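None of these values were measured; they are calculated from a predicted model.
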Amino acid sequence: MPRFPSFRRSVATPATLAVATAAVLLATAPTAGARTAPAAQAGRYYHTWATDVSVRVSEADPNTCGRHPSVANCPDVREHLQPSTQFYVYCQGPGQTVGGNPYWLMINSGTTTGWMASYYVAYPDNRLPDVPDCPGMSGVGGAGAQAAARSARALGPYSVTAYETVNIRSAPNTSSRAFDKIRAGETRSDALCWTHGETVRDHGYTNDVWIGFTEGWASAVYLKGNEYAGLPADAKC
C-alpha cells in the first residue's frame with residue numbers, strides 16, 4: 001500500500017480542504033482491532049507465550065509508569081493477553097526485571113494500549129529487533145545502552161498542553177477507544193513520542209501527527225505548539 005504524505009500543522013484554506021484525502025494514514029501504529037501487519041512493519045508485531053499476561057498503566061501517575069514500568073509503578077491492569085495473542089510494539093525500554101528480562105514494551109493489542117513485560121513475548125532474546133527505544137526511559141547496560149547511544153534521539157518525557165479538550169485513545173485514530181482526556185489548559189508531563197496516524201482536521205488545522213502517552217494517543221491538532229506539539233522532530237515512536 002503506498003504511503004500518503006504527512007500533513008504539517010498549518011491553517012487550511014477551503015481549497016485545501018476540498019482536495020485533501022479522507023483516507024486514514026497508517027505509519028508505525030495499527031488501527032484498533034488490527035491483527036495483520038503491513039509487510040514493512042512485520043517486525044514490530046509479536047505474540048505472547050504465557051497465560052493472562054497483564055497490559056498495565058497507571059491512571060494516577062502515568063509519568064512514573066512510563067519512565068520505569070513495573071508492577072508497582074503501573075498498578076492498573078487494562079487487559080490480560082492469552083497465549084499466541086498478537087500485538088504491535090511501539091517502543092521498548094528498561095523497567096522491573098521479570099524472569100531475568102529487564103525490558104518492558106509499550107504495546108497495542110488491538111483493543112488497548114499499555115505496558116507489558118518483554119519476558120512474556122515469544123522471542124528468544126531480551127531485546128526485540130527493529131523496535132525503537134522509548135523516549136524518557138533510563139538506559140541499561142550492555143546492548144540496550146549501546147543501542148540507545150546509537151539512536152541519538154532526544155529523550156523525554158515531554159510536557160504538552162491542550163488548548164482544547166482532547167481524547168487519549170488506544171490507537172492514533174478517532175475510531176479507536178477513548179481511555180482518558182486531556183482537558184483544555186491542562187499540561188501533561190508524560191508525552192513519550194509522536195507518530196503518524198489518522199489525519200485530523202479541526203479549527204482550520206490539518207495534521208496527521210499523534211502524541212504517544214503511557215496510556216494511549218492524542219491528536220496534536222488539539223495540543224499547543226508546532227505540528228509535533230512541541231516535541232523534538234527526532235522523538236518519533
Asks: Okay, side chain of Arg169, backbone of Ser175: is any donor-acceptor separation there less than 3.5 Å?
Replies: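 No.
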Asks: Assess, by modelled atom type and distance only, whether the side chains of Glu79 and Thr112 contain a donor and an acceptor separated by less than 3.5 Å.
Replies: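 There is no such pair (donor and acceptor under 3.5 Å, judged by atom type) between the side chains of Glu79 and Thr112.
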Asks: Classify the angle between the aromatic ring planes of Tyr222 and His203 as parallel (below 30°), tilted (30 to 60°) or perpendicular (above 60°).
Replies: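 Judged by the thresholds at 30° and 60°, the geometry between Tyr222 and His203 is perpendicular.
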Asks: Looking at Asp208 and His196, would you say the former's side chain and the latter's main chain have a donor-acceptor pair under 3.5 Å?
Replies: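 Side chain of Asp208 to backbone of His196: no pair is present.
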Asks: Any donor-acceptor pair under 3.5 Å linking the side chain of Thr64 with the backbone of Asp61?
Replies: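 Here the side-chain-to-backbone pair does not exist.
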Asks: Distance-only, no hydrogens or angles: does the Arg56 side chain make a donor-acceptor pair with backbone N or O of Asp76 under 3.5 Å?
Replies: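 A pair under 3.5 Å: no.
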Asks: May I ask you to test the Val160-Thr187 pair for a side-chain heavy-atom distance under 4.5 Å?
Replies: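 No; the side chains remain at least 4.5 Å from each other.
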Asks: As a quick check of understanding, evaluate side chain to side chain contact (heavy atoms under 4.5 Å, CB included) for Arg78 and Glu59, giving each step before the final call.
Replies: CA-CA 10 Å; Arg78 281 220 171 127; Glu59 305 292 353; 3.5 Å; yes
Asks: Stepwise, does the side chain to side chain contact (heavy atoms under 4.5 Å, CB included) test hold for Val55 with Val77?
Replies: CA-CA 6 Å; Val55 180; Val77 177; 6.0 Å; no
Asks: Report the C-alpha distance between Trp115 and Cys65 in whole Å, list the side-chain angles of each, state the deciding distance to 0.1 Å, and finish with yes or no for side chain to side chain contact (heavy atoms under 4.5 Å, CB included).
Replies: CA-CA 8 Å; Trp115 294 95; Cys65 175; 3.6 Å; yes
Asks: Which atom names give the shortest non-hydrogen contact between Pro94 and Pro69, and what distance separates them?
Replies: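 Minimum heavy-atom separation between Pro94 and Pro69: O-CD, 3.5 Å.
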Asks: Do the cysteine sulfurs of Cys91 and Cys193 sit under 2.5 angstrom from one another?
Replies: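 No; the two sulfurs sit 2.5 Å or more apart.
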Asks: Using a strict threshold of under 4.0 Å (side-chain N to carboxylate O), is an ion pair present between Lys224 and Glu164?
Replies: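 No salt bridge links Glu164 with Lys224.
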Asks: Which pair of non-hydrogen atoms, one from Thr165 and one from Ala184, has the smallest distance, and what is that distance?
Replies: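 Taking every non-hydrogen atom into account, OG1-N, 3.1 Å.
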Asks: For a quick check under 3.5 Å, do His68 and Asn73 share a side-chain donor-acceptor pair by atom type?
Replies: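 The criterion, which ignores hydrogens and geometry beyond distance, is not satisfied for Asn73 and His68.
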Asks: Is there side-chain contact between Asp180 and Phe213, with at least one heavy-atom pair below 4.5 Å?
Replies: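 A side-chain contact under 4.5 Å is absent here.
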Asks: Taking all non-hydrogen atoms of both residues, which atom of Trp104 and which atom of Ser70 are closest, and how far apart?
Replies: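 Answer, listing the atom of Trp104 first, then Ser70: CZ2-CA, 3.8 Å.
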Asks: Taking Val131's backbone N and O only, do any of them form a donor-acceptor pair with Gln92's side chain (distance below 3.5 Å, no angle check)?
Replies: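 Present.
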Asks: Please enumerate all residues that pass side chain to side chain donor-acceptor pair (under 3.5 Å) together with Ser189, with sequence neighbours excluded.
Replies: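 Expected list: none.
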Asks: Using the ring-ring contact (aromatic ring centres under 6.0 Å, His included) definition, which of the options Tyr228, Trp217, Trp210, Tyr158 pairs with Trp194?
Replies: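 That would be Tyr228; it is the only one of Tyr228, Trp217, Trp210, Tyr158 passing the ring-ring contact (aromatic ring centres under 6.0 Å, His included) with Trp194.
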Asks: Check whether any side-chain heavy atom of Leu223 lies under 4.5 Å from a side-chain heavy atom of Ile211, and answer yes or no.
Replies: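 Yes, close enough: below the 4.5 Å cut-off.
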Asks: Output yes when a side-chain donor or acceptor of Ser176 lies under 3.5 Å from a complementary backbone atom of Ala171, and no otherwise.
Replies: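 Checked: pair present.
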Asks: Using modelled atom types and a 3.5 Å cut-off, is there a donor and acceptor pairing between side-chain atoms of Gln96 and backbone atoms of Val71?
Replies: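 Yes: the side chain of Gln96 pairs with the backbone of Val71.
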Asks: Counting only N and O atoms by type, is there a donor-acceptor contact under 3.5 Å from the side chain of Ser118 to the main-chain atoms of Leu105?
Replies: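 Not confirmed, Ser118 side chain does not pair with Leu105 backbone.
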Asks: Got a donor-acceptor contact below 3.5 angstrom from the Thr48 side chain to the Leu81 backbone?
Replies: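 No, the answer is negative, given that no donor and acceptor are paired below the 3.5 Å cut-off.
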Asks: For Ser159, enumerate each residue passing the side chain to side chain donor-acceptor pair (under 3.5 Å) test, keeping only those at least two apart in sequence or located in another chain.
Replies: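 For Ser159, no residue satisfies side chain to side chain donor-acceptor pair (under 3.5 Å) once neighbours in sequence are set aside.
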Asks: Taking it one step at a time, do Tyr123 and Leu128 satisfy side chain to side chain contact (heavy atoms under 4.5 Å, CB included)?
Replies: CA-CA 8 Å; Tyr123 188 78; Leu128 302 181; 3.8 Å; yes
Asks: Is there a donor-acceptor pair under 3.5 Å between the side chain of Arg201 and the backbone N or O of Thr206?
Replies: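 Not a single qualifying donor-acceptor pair exists.
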Asks: At their closest point, which heavy atom of Asn101 faces which heavy atom of Tyr119, and how far apart are they?
Replies: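 Looking at all heavy atoms of both residues, the shortest contact is ND2-N, 3.7 Å.
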Asks: Please give me the minimum heavy-atom distance between Tyr46 and Val89, naming the atom from each residue.
Replies: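 Taking Tyr46 first and Val89 second, the nearest heavy atoms are CD1-CG2, 3.8 Å.
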Asks: Pro83 and Thr51: which non-hydrogen atoms are nearest, and at how many Å?
Replies: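 Smallest heavy-atom distance, with atoms named: CG-OG1, 3.6 Å.
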Asks: Asp125: which residues meet the side chain to side chain donor-acceptor pair (under 3.5 Å) condition with it, sequence neighbours left out?
Replies: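 Residues passing side chain to side chain donor-acceptor pair (under 3.5 Å) with Asp125: none at all.
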